[in-house]
Number of protein chains: 2
Amino acid sequence: MGIMLVDDPAHDGETKRGPGGPRTQVKEGGGSDTCEVTYTDPEAVAQVRKKLIDSDLAHELAGLFQVMADATRLRIVSLLAERELCVCDIAAALEMTQSAVSHQLRVLRMMQLVKFRRQGRMAYYSLDDDHVLKLYTQGLDHLGHTSGGATGPEKER
Amino acid sequence: MGIMLVDDPAHDGETKRGPGGPRTQVKEGGGSDTCEVTYTDPEAVAQVRKKLIDSDLAHELAGLFQVMADATRLRIVSLLAERELCVCDIAAALEMTQSAVSHQLRVLRMMQLVKFRRQGRMAYYSLDDDHVLKLYTQGLDHLGHTSGGATGPEKER
DNA sequence: TTAATATATGAACGTTCGTTCAAGTATTCA
DNA sequence: TGAATACTTGAACGAACGTTCATATATTAA
């Protein structure tokens, strides 16, 4: 992750502001080049900082979306949305190796998107709750609303 | 991406099934080791295959979640949920460099999660639509429902 | 017991990702 | 015009990811 900047919410002592105009330039710190922070609108910064999501929570949430951010795992979710399946059949439906599928199921399991039960030597997987499906369909919804061509993101340059 | 397995939906000719029992072993292909597919329950596989999300769509959806799968970008979203902001103030609120923020805004922009308007030399960013926020809050919802300790995913071994 | 099956997992390999650094554009001010 | 500002972008570097391969565990069948 490299040298992450500090995420101190109780940091407002530094928020010196200009004479009164809304367009003020303020350099933070004495002049250390580790973090070049230039306030353009100190009031706006102060306002949104209160609503800024906690850094730890942001990382946790990012982890959840990360789990959803893989085509293989999404395809697994689309299968499990239909019915409970054993690893073997998921691999068959996806035409992938059991190993690859098992690795991905582990990821889904660790973020509690799927659960499983053992029966003999097989493991039957299913979706853990409907939050997963909500996220899934909400995501599809977004694609439907934004995509003109849908194949790729906006090509701009 | 390495040697990806074929994702041919019209592939059911291969679905030979056993005498009648639900527990049948079927090897696909003559014996090529490129794709070891062992059907345990051919009916289940055939059933869920119909509902299997298209591979291209899965990749597209994965791309959307990918964009949401970063703490910095989520923190930006949490700021823009409050109000429109220029790059400079986002950087200030996050205590990150403008460069890093600009790179991430580009990612959000390309997936059409944020839009921006130019005013003089500044660029004011805002959320593109409320789908983004829905995904965001839905994600937080999921965390609230699953996390006992919430800090990390299920520790299992 | 041995062999086969169903799944899990560690290491490795190539790819992707997010940040930093060093430019580069475009606008404003003197 | 030249300097400063606001933002963008390409290259590079280390970290993280997804698959493959080989192996390990556990259950069932012979």
Side-chain angles (χ1 to χ4, degrees), chain A residues 1-5 23-27 33-41 59 62-63 65-67 69-76 85-92 94-110 116-125 156-157, chain B residues 1-5 23-27 33-41 59 62-63 65-67 69-76 85-92 94-110 116-125 156-157:
Chain A
M1 186 175 278
I3 300 152
M4 202 28 155
L5 297 163
R23 178 85 357 104
T24 327
Q25 317 284 31
V26 180
K27 286 279 185 190
D33 53 327
T34 58
C35 180
E36 147 245 336
V37 179
T38 306
Y39 295 75
T40 291
D41 185 345
H59 276 93
F65 284 122
Q66 190 103 270
V67 175
D70 178 75
T72 296
R73 289 193 290 266
L74 288 175
R75 303 206 312 150
I76 291 175
L85 285 172
C86 66
V87 181
C88 185
D89 285 345
I90 297 173
L94 262 44
E95 300 186 61
M96 293 179 64
T97 64
Q98 285 192 6
S99 179
V101 168
S102 187
H103 275 296
Q104 300 300 5
L105 284 171
R106 186 173 184 276
V107 175
L108 289 165
R109 211 171 54 218
M110 285 198 302
F116 75 111
R117 64 183 179 87
R118 274 246 147 70
Q119 183 177 314
R121 51 188 159 185
M122 356 250 284
Y124 286 95
Y125 280 81
E156 52 115 21
R157 195 136 205 288
Chain B
M1 185 174 272
I3 301 154
M4 202 27 154
L5 297 164
R23 177 87 356 103
T24 328
Q25 319 283 29
V26 179
K27 287 279 186 190
D33 53 327
T34 57
C35 179
E36 146 245 337
V37 179
T38 307
Y39 295 74
T40 292
D41 185 343
H59 276 92
F65 285 121
Q66 191 103 267
V67 175
D70 178 74
T72 296
R73 289 192 291 265
L74 289 175
R75 304 208 307 151
I76 292 176
L85 285 171
C86 67
V87 181
C88 185
D89 285 345
I90 298 173
L94 264 42
E95 299 186 63
M96 294 179 64
T97 63
Q98 284 192 8
S99 178
V101 169
S102 185
H103 275 296
Q104 300 301 3
L105 284 171
R106 185 174 186 277
V107 175
L108 289 165
R109 212 172 52 217
M110 284 199 302
F116 75 110
R117 65 183 178 89
R118 275 244 149 73
Q119 184 176 314
R121 49 188 161 188
M122 356 249 284
Y124 287 96
Y125 281 82
E156 51 119 22
R157 197 135 205 286

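In what follows, every chain begins at residue 1, and chains take the letters A, B, ... in the order their sequences are listed.
Ring-base stacking between His103(A) and dT9(C) is satisfied, the centre separation being under 5.5 Å and the plane angle under 30°.
Counting heavy atoms from C-beta on, the side chains of Met96(A) and Thr72(A) come closer than 4.5 Å.
Nucleic acid contact for Ala100(B): base, since at least one base atom lies under 4.0 Å from a heavy atom of the residue.
Both tests pass for Arg109(A) against the ring of Phe116(A): distance under 6.0 Å to the centre and angle within 45° of the axis.
For the residue pair Gln119(A)/Arg117(A), the side-chain donor-acceptor check at 3.5 Å is satisfied.
You'll find that the side chain of Ala123(B) is closest to dC7(D), out of dC7(D), dA8(C), dT19(C). Listed nucleotides: dC7(D), dT20(D), dC17(C). Nearest to the side chain of Gln66(B): dC17(C).
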* **Sequence-aligned protein contact record of nucleotides 22-30 of chain D, with B where the base is within under 4.0 Å of a protein heavy atom and S where only the sugar-phosphate is** => B----BS--
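Put simply, Arg106(A) has a side-chain N or O that comes within less than 4.0 Å of OP1 or OP2 on dT9(C).
Helix bend of the helix from dT1(C)-dA30(D) to dA30(C)-dT1(D): the angle between its two end axes, each built from five pairs, comes to 10° after rounding to 10°.
DNA chain D is contacted by both Val87(B) and Ala69(A); Val87(B) maps to the nucleotide lying nearer its 5′ end (nearest heavy atom per residue).
In this structure, Leu85(B) CG and Asp41(A) CG are separated by 8.5 Å, a value rounded to the nearest 0.5 Å.
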